[in-house]
Amino acid sequence: MVRTVAPHLIGRRIVSAEFTSRHVTPGDRAKLSKRLKDAVVQSVSRRGKFILLKLDSGVFTVHLGMTGKLLVSQNDMKARTPHTYGIFVLDQGVLLYDDPRQFGKIEWGSVRADRLGPEPLEIGLEEFVKRLKKHKSRIKPLLLNQKFLAGVGNIYADESLFSAGIHPLANASRLSPARAAALHQSIREVLAFAIRQGGSSISDYVDAEGNRGYFQIHHKVYGREGEPCAACGTPIRKIIVGQRGTHYCPRCQRR
DNA sequence: CTTAATGTTCCCCA
DNA sequence: TTGGGGAACATTAA
């Protein structure tokens with residue numbers, strides 16, 4: 001999302017910004033609009049799942065939640081939907097925030113550093129193993145814990161565990177050095193490949209230009225309950241772990 | 001009508 | 001203090 005939205009925003013001046021959801025923009029929405037008005041976008045970056053938009057006057061963050069989308073459009077109000085809860089009119093074009101479930105957030109200020117763990121594509125093996133040892137929890141919920149690693153979500157946790165051959169209920173602190181190393185590598189590979197594929201468009205995810213991703217075609221376990229495992233043919237199993245759907249191959253990922 | 005969905009936070013309990 | 005379980009948030013699609 002950052003990669004596709006950035007070129008449309010950098011150097012742009014926000015002519016006006018309007019917000020219409022008390023869930024997406026909690027607090028004083030008029031105040032947020034006022035802060036953004038006339039600001040110039042200097043950079044668009046990412047920390048974990050938070051999108052950071054740096055302005056000449058400060059920074060604000062966007063989290064897409066489950067169904068949030070940032071969409072750029074030339075022809076301003078035409079791209080609006082019943083679930084457009086943020087409209088940024090720019091000196092060139094508009095940026096829309098669309099989010100049916102309204103689980104996303106748009107807030108003034110940066111992300112508190114102590115809320116997020118290391119970036120999964122930056123952390124080294126040693127540090128990764130050290131952090132694994134500190135947690136007694138099961139590996140699947142730990143991967144979703146943003147303080148452990150910032151940015152891994154449900155699809156990528158399941159796909160990484162399959163790739164590493166690790167059962168989702170395995171005890172994080174008791175993974176063998178070889179398994180821990182395999183997981184470290186699998187997370188890197190899965191994320192890097194998924195990014196190259198433009199993400200997973202399961203239902204309606206699209207990037208800022210409206211393009212779908214293609215990683216869902218390559219899902220080995222996520223959303224494939226009952227289908228034969230690509231590696232061994234055993235039907236993929238789905239269980240609930242920490243209230244999240246968890247997909248794995250009972251043969252390739254032994255307990 | 002019921003269930004589950006790309007996420008996070010909060011509360012209760014052990 | 002940590003971790004598990006559950007609920008909540010709001011909407012849509014199967």
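Chain naming here is simple, since letters A, B, ... match the order of the sequence lines and numbering starts at 1 in each.
- The A/Tyr85 side chain lies nearest to C/dT11 when the options are C/dT11, C/dG6, B/dG7.
- Within a 6.0 Å sphere centred on CZ of A/Arg3, other residues, nucleotides and ligands contribute 12 heavy atoms or fewer.
- Side-chain atoms of A/Arg138 lie closest to C/dG4 of the nucleotides C/dT11, B/dA5, C/dG4.
- Side chain of A/His63, nearest nucleotide from C/dA10, B/dT8, C/dA7: B/dT8.
- Ring geometry for A/His219 versus A/Phe215: interplanar angle over 60°, hence perpendicular rather than tilted (30 to 60°).
- A salt bridge links A/Asp204 with A/Lys69: the closest approach of a Lys/Arg side-chain nitrogen to an acidic carboxylate oxygen falls below 4.0 angstrom.
- Of the candidates B/dT8, C/dG6, B/dA5, B/dT8 carries the atom nearest the A/Arg115 side chain, counting heavy atoms from C-beta on.
- Candidate nucleotides C/dG4, B/dG7, C/dA10 were compared by shortest atom distance to the side chain of A/Asn154, and B/dG7 ranks first.
- The aromatic ring of A/Phe103 is not stacked on the base of B/dT8, since the criterion of ring centres less than 5.5 Å apart with planes inclined by under 30° is not met.
- Remark: A/Arg255 engages no residue in a salt bridge (Lys or Arg N to Asp or Glu O under 4.0 Å) (not counting sequence neighbours).
- For A/His83, whose side chain is taken as the heavy atoms from C-beta onward, the closest listed nucleotide among C/dA10, C/dT12, B/dT8 is C/dT12.
- One P atom belongs to B/dT3, the other to C/dG6, and the distance between them is 15 Å to the nearest Å.
- Among C/dA10, C/dA7, B/dA4, the nucleotide with an atom closest to any side-chain atom of A/His23 is C/dA10.
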Quiz item: For DNA chain C, what is the dot-bracket line, given that a base pair needs Watson-Crick (N1 to N3, plus N6-O4 or O6-N4) or G-U wobble (N1-O2 and O6-N3) geometry with both distances under 3.5 Å, and | means paired with another strand?
Solution: .||||||||.||||

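- Remark: A/Glu18 does not engage A/Arg29 in a salt bridge, criterion side-chain N to carboxylate O under 4.0 Å.
- Aromatic ring centroids of A/Phe19 and A/Phe88 lie under 6.0 Å apart.
- Of all nucleotides listed (C/dG3, C/dA10, C/dA7), C/dG3 comes nearest to the side chain of A/Ser137.
- Other residues, nucleotides and ligands contribute only 12 or fewer heavy atoms inside 6.0 Å of the CZ atom of A/Arg237.
- As a whole-Å value, the separation of A/Ile155 CD1 from B/dG7 C1' is 12 Å.
- Comparing B/dT9, B/dG7, C/dA10 by their closest approach to the side chain of A/Lys49 singles out B/dG7.
- Within residues 182-220 of chain A, no residue has a heavy atom under 4.0 Å from DNA chain C.
- Of all nucleotides listed (C/dA10, B/dA5, B/dT8), B/dT8 comes nearest to the side chain of A/Gln146.
- Phosphate contact (OP1/OP2 of B/dA5, side-chain N/O of A/Lys238, threshold under 4.0 Å): present.
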